[in-house]
Amino acid sequence: MSYAAYKMMHWPTGIDYCAAGFITHSPAEAAAFSSLPPTISGPEVDVDSSAARAPQRVGPTPNLVVVAANVLEVYAVRTDAVMGAQDGGTSSLAAVLDGISGARLELVCYYRLHGNIESMAVLSDGTENTRDSIALAFKDAKVACLEFDDSINGLRTSSMHCFEGPDWLHLKRGRESFAFGPVIKADPQGRCGAALFYGLQMIILKAAQVGQSFVGEDEPTRMLSSAAVRIDSSYVIDLRHLEMNHIKDFTFVHGYIEPVLVILHEQEPTWAGRISSKNQTCMISAFSISMSLKQHPMIWSSAKLPHDAYQLLAVPPPISGILVICANSIHYHSQSTSCSLALNSFSSQPDGSPETLKTSFHVELDAAKATWLSHDIVMFSSKNGEILLLTVVYDGRSVQRLDLMKSKASILSSGATTLGSSFFFLGSHLADSLLVQFSFGVPTSVLPDLADESADIEGDPPFAKRLKRIPSDVLQDVNSVEELSFHSNSVPNSLDSAQKISFVVRDALINVGPLKDFAYGLRTNSDPNAAGIAKQSNYELVCCSGHGKNGTLSALQQSIRPDLITEVELPSCTGIWTVYYKSSRGIITEDNEYHAYLIISLESRTMVLQTGDDLGEVTETVDYNVQASTIAAGNLFGRRRVIQVYAKGARVLDGSFMTQELNFTMHGSESSLTSEPLAAASASIADPYVLLKMVDGTVRLLVGDHSNCTISVNAPTVFASSSERISSCTLHHDRGPEPWLRKARTDAWLSTGIGEATDGNDGFSHDQSDIYCIICFESGKLEIFEVPSFKCVFSVEDFVSGSAILSDDLSHTKDAVIGVPDATTVSVKKEETNNIKIVELAMHRWSGQFSRPFLFGLLNDGTLLCYHAYCYDGSESNAQCAPSSPNGSSDIDNASDSRLRSLRFHRVSIDVSARDDISSFTRPRITIFNNVGGYEGLFLGGPRPTWVFVCRQRFRVHPQLCDGPIVAFTVLHNVNCCHGLIYVTSQGFLKICQLPSAYNYDNYWPVQKVPLHGTPHQVTYYAEQSLYSLIVSVPVVRPLTQVLSSMADQELGLHIESDFTVGDDLQKVYTVDEFEVRIMELEKPSGRWETRFTIPMQPFENALTVRIVTLQNTTTKENETLMAIGTAYVQGEDVAARGRVLLFSFSKTENSQNLVTEVYSKESKGAVSAVASLQGHLLIASGPKITLNKWTGSELTAVAFYDAPLHVVSLNIVKNFILFGDIHKSIYFLSWKEQGSQLSLLAKDFGSLESFATEFLIDGSTLSLVVSDSDKNLQIFYYAPKMVESWKGQKLLSRAEFHVGAHVSKLLRIQMLPTQGLVSEKTNRFALVFGTLDGGIGCIAPVDELTFRRLQSLQRKLVDAVPHVCGLNPRSFRHFKSNGKAHRPGPDNIIDFELLSHYEMLSLGEQLDIAQQIGTTRSQILSNFSDFLLSTSFL
């Protein structure tokens, strides 16, 4: 293996930064939008009810921008308003707050960038009708500004600022590494932004005046929608000239005419040993930034702030000023006044200052995240997950004091941001992030839920939460008449003036990070007989994720294995459908109606089954055409009739009785008696129409008549004249309270607004619906027609090429002119494009008030094109010139009025990899479902079946590998199978299944999270009894006296006791982590995780490692499987380190008392940090020594040893080779020789490296060594003693190096799967699956040289060929980062699939161009992609 490939399989989920901003709409647009609901619910609501007041109270809600490592996501908050007053009593489902019964986040757009985002700010000028921009900062000194562009319905880069490279070297002042990356902040009025680079260089980014910008040509089209804030120019301020040394934080303050920047900095640093004599070292300075003069005079400053100040918060107007947050105190400063609040007994104050107020409870605020809920209340999320509320008490002139009160407990958060006036978002790196709604004052409908005083905002049940009010610190209303003194402890608890803030958790974003360790074990529903690629669906990754009280065990799997209910053998099936039968007497709600019949189409006949309590065949007794195979079946006329379409005709049935039969004939001039019968090839049903595609490539429409439930054939005349063959067609049913596609018409402004509101008053019972027919011709042209008039409303010339944006060709005539000159180059590639056709189309809009339709096209090479519709009306300037254009004939003029002029589609990436040639007459593969186990989306059949779930308007793609190719799929909802599914495999088995309900599918991989209420550290899998043993540490609060006495030695203990004074010191508590090893099992039928046994550790003993080892018992000569635990005693730096090795055996019988029994325990000098079994011996790393021990059945006796440099982090073993990673000294490669019983060093890496994880990479007969380090890199080494540069084999040589951009904490070796491509493929190939601390999972896999060379040249092309978001360079991102340490660059032998994945998103022409330039073909590249994907489709 000289070459490897890197591929992410599960992108990061731990949220680093979050911010709120009006990105996709300005506040004015949002306000206009949110004022629609009250006009609808106006008449039947009395004025006082909370629903009528709601929209004014809730106000416009901004977007949420979220950053996880290198993933940027923009969400919109969608709220469900309570309609009408009848909901007053029935708030049992979800709490109603401010007239809102629910809210969720919906994805607007997301991007995976080539660089980790170090800091983010939202540039906003605070006015009603401009939008905000997102400013992102990257290492070392790059800033990119993004704004939302309506014409592409996504973000585009508006400016880029780079302060790197030779011109800017002087900014670094000779330094190479910096303690923290760039930080960016924005002025609240949007006049400028500031970014801090290289520790002491402040960049001022000046915002453009409205109407000016760099961009010239497309400006008129941009001015139609609200413009966004843009950055115009920038300049540098060197803060060294202002006498600053160490900057901790900076921010802009409110209330000045010019932007004022306040900087928190430390004059001369102090350290822990000097705190008693030197602790007030910080100060703040305020500078007025004059951008035109590039001057920055200091206007005020304040010194003598505590050394632990770390954060500045600008107080919003009308108060203004600044809050300095320290670990033990909070200080308010403005130009005129200052006051402070001590949080605990450690807070210090300068001599001679007035007495500061103290809180009545003890709290530490270091590492807290803060956001303003209103202009005077700031919410803190503290480091142990508590929510605190701080009120700035203001009397109209100056700030009187600060009040702090405790609130709920919540998650450990990495960021908090307020969204509008009634939501806030807690982003977390360690737990699921939460969207929380808050309200001042409790509305009436929440009162029943408030009994639950102790509940926390954890995100489990969304119930309303009320603040726990501590009598001594009631949050006072500023306007209250009686001024209660702060220290009076006799505040009555029934104080009405106290502001009660109630919280409701509305939504959560899943996070599985940080992945500290994982094990590879069997699932509950695994199939022992599976082989090949299907065998991978038997396994799942069980991961340690989270921290502290948010610690969880996450079970992740890439592929879905449905739970089987029954299976029947059923050969040669070609399709299955389930239909409803609504008799007139039973009125059931549509959502929950059971299916009545299951129709199974075989090669030459059709079976019909009744889906009652059991499936019974009724083929003989029904009037279906059972002698021919069925093409399609479905319901017509509001589920009162069933239609069955077969090749020669169609039947309409009422239950089991036929009411009408049709035969298809040629529409010739002669009479119907002599005309040829014509067979149908495929059909699409949208009540009351059926669209048929005939064998000869023409279409027929069956039109249903609601009054007498009959259908008639209609041949659209539009296509009779044209000679083009139709390659595929479908119907789209656009239904709902307001059909979406109507908004895209030219005359849309007439029908929206006033019309909608009056419609709504007579109830939403009648859904309006429009039906459209989408047709793709063999030339690749796509057209959308209205049904039944067949008037063309939208057409795209070259749909098959998959361009990024589709828009109506007729409305944009100027685009057509540009396309002419390319005609010469096109002809070269015509041959390759000619054989690419669309074989199947589908268009669907899933549920949700704001959802937009998706359009899918399946190409005959297996590519799935997927588009998301949006509205953009940028053509007002050229709308007049369209009808009079020279090539526009008269019929176009009339047609252009009703066209969907502002309809556009943008391409969405979707990772579906079915590379296979599909002939044009196959069964349809796309099945759309609206409820399978509570999820909606589509199922893609074929050789690689794939589920595509639609969650939050984004795709979640999960393959299903367990049954091989699937030929037919349908949903089934009846008594025994609630919202389940039926599919038929290509082996001829019909399976009735349900989705496993324990898993959440709204994630990159399906995940099941098991709360542990402690931090998991390491997990290992015991295959014989399928048990998982994991190390968990639970934080426990202990009295300080107990902690000290147990830590110190005995003679010291006597002195400590006498030192304590009787007083408040005795009440002090200290939190310690108590470790235990839990043995957990996944229960087979229920799918629940149960703790079977717990092994507690001794006080102050930390379990460091747990592994299942196989040892050879030297007395009985038998192998024993034992569980080995390595521990360390943590007792401070005064006590020598000790550790223990523990061995446990598993009981063989089921019913024994103890699941495990301790068979050996021994103390060792030094911490036992890693254990492994080597050829029946036990290898133990204790402190800086590695010992090899043999097991006698009761004792371990040392056989050999090796002295490691400092501290072993990880141990790996292959045969008799040992690889270990040291905490500072990189990796060592040893071998074990039996005859001399010695561990000898083969080679080592001479550089210094802080290893995180190590593993062997095996490719056939070559062995490589992989190590990940603290600078987020990954290196591959090899041992080559014959090479000159290896110094006779002492030195490991570098084979490849790569920057992952995340800390890789675990590497796992899994055998790669064989692909069909190469027969001579090596079987002994292993890939490494890795987990990162951001919650990402990826793999490093060996590739052969030919593939590597081809894809590497493609990768070099793509660096320039693809416009990268934020203008980031993927090559510089993947360079090895040494953080200033000396490093000799290694070879670049890794290809990056993160960059290569852009190739599939290019349009067909660009794909063929690039393939031609690097001397290969598109199909060759795509088959390399799919081979790699197949060989690494683990789990």
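The figures that follow rest on heavy atoms only: side chains count, while hydrogens, waters and symmetry mates do not. Along the sequence shown, residues are numbered consecutively beginning with 1. Computed from a predicted structure; not experimentally measured.
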[X] side chain vs [Y] backbone, donor-acceptor pair below 3.5 Å:
X       : Y       : value
Lys1009 : Asn511  : yes
Lys516  : Gly546  : yes
Thr1254 : Phe1220 : no
Asn344  : Val363  : yes
Ser1210 : Ala1253 : no
Ser410  : Gly385  : no
Thr552  : Ser554  : no

For this session: Begin with the C-alpha distance, continue with both residues' side-chain angles, and end with the deciding distance and a verdict on side chain to side chain contact (heavy atoms under 4.5 Å, CB included) for Ile1227 and Gln1275.
Result: CA-CA 11 Å; Ile1227 55 172; Gln1275 286 182 77; over 6 Å; no
For this session: Would you sort out whether Tyr520 and Tyr1021 count as a ring-ring contact (aromatic ring centres under 6.0 Å, His included), showing the intermediate values?
Result: CA-CA 7 Å; Tyr520 181 68; Tyr1021 178 63; 8.6 Å; no
Table please: side-chain donor-acceptor pairs of residues 1191-1208 below 3.5 Å, with sequence neighbours left out.
from    : atom 1 : to      : atom 2 : distance (Å)
Trp1191 : NE1    : Glu1120 : OE1    : 3.3
Thr1192 : OG1    : Ser1194 : N      : 3.4
Thr1192 : OG1    : Glu1195 : N      : 3.0
Thr1192 : OG1    : Glu1195 : O      : 3.2

Exercise. Does a side chain donor of either Ser433 or Ser428 reach within less than 3.5 Å of an acceptor in the other side chain?
Worked result: no
Seminar exercise, completed: For residues 1217-1231, the salt bridge (Lys or Arg N to Asp or Glu O under 4.0 Å) pairs (sequence neighbours left out) are none
For this session: Start with the C-alpha distance between Ile1310 and Tyr539, add both sets of side-chain angles, then the distance that settles side chain to side chain contact (heavy atoms under 4.5 Å, CB included), and finish with yes or no.
Result: CA-CA 11 Å; Ile1310 301 182; Tyr539 296 97; over 6 Å; no
Solution key, residues 1092-1104 side-chain donor-acceptor pairs under 3.5 Å, sequence neighbours excluded:
from    : atom 1 : to      : atom 2 : distance (Å)
Arg1092 : NH1    : Glu1081 : OE1    : 2.2
Gln1098 : OE1    : Tyr1129 : OH     : 2.5
Glu1101 : OE1    : Gln1098 : N      : 3.0
Glu1101 : OE1    : Arg1140 : NH2    : 2.9
Glu1101 : OE2    : Thr1127 : OG1    : 2.6
Glu1101 : OE2    : Arg1140 : NE     : 2.7
Glu1101 : OE2    : Arg1140 : NH2    : 3.3

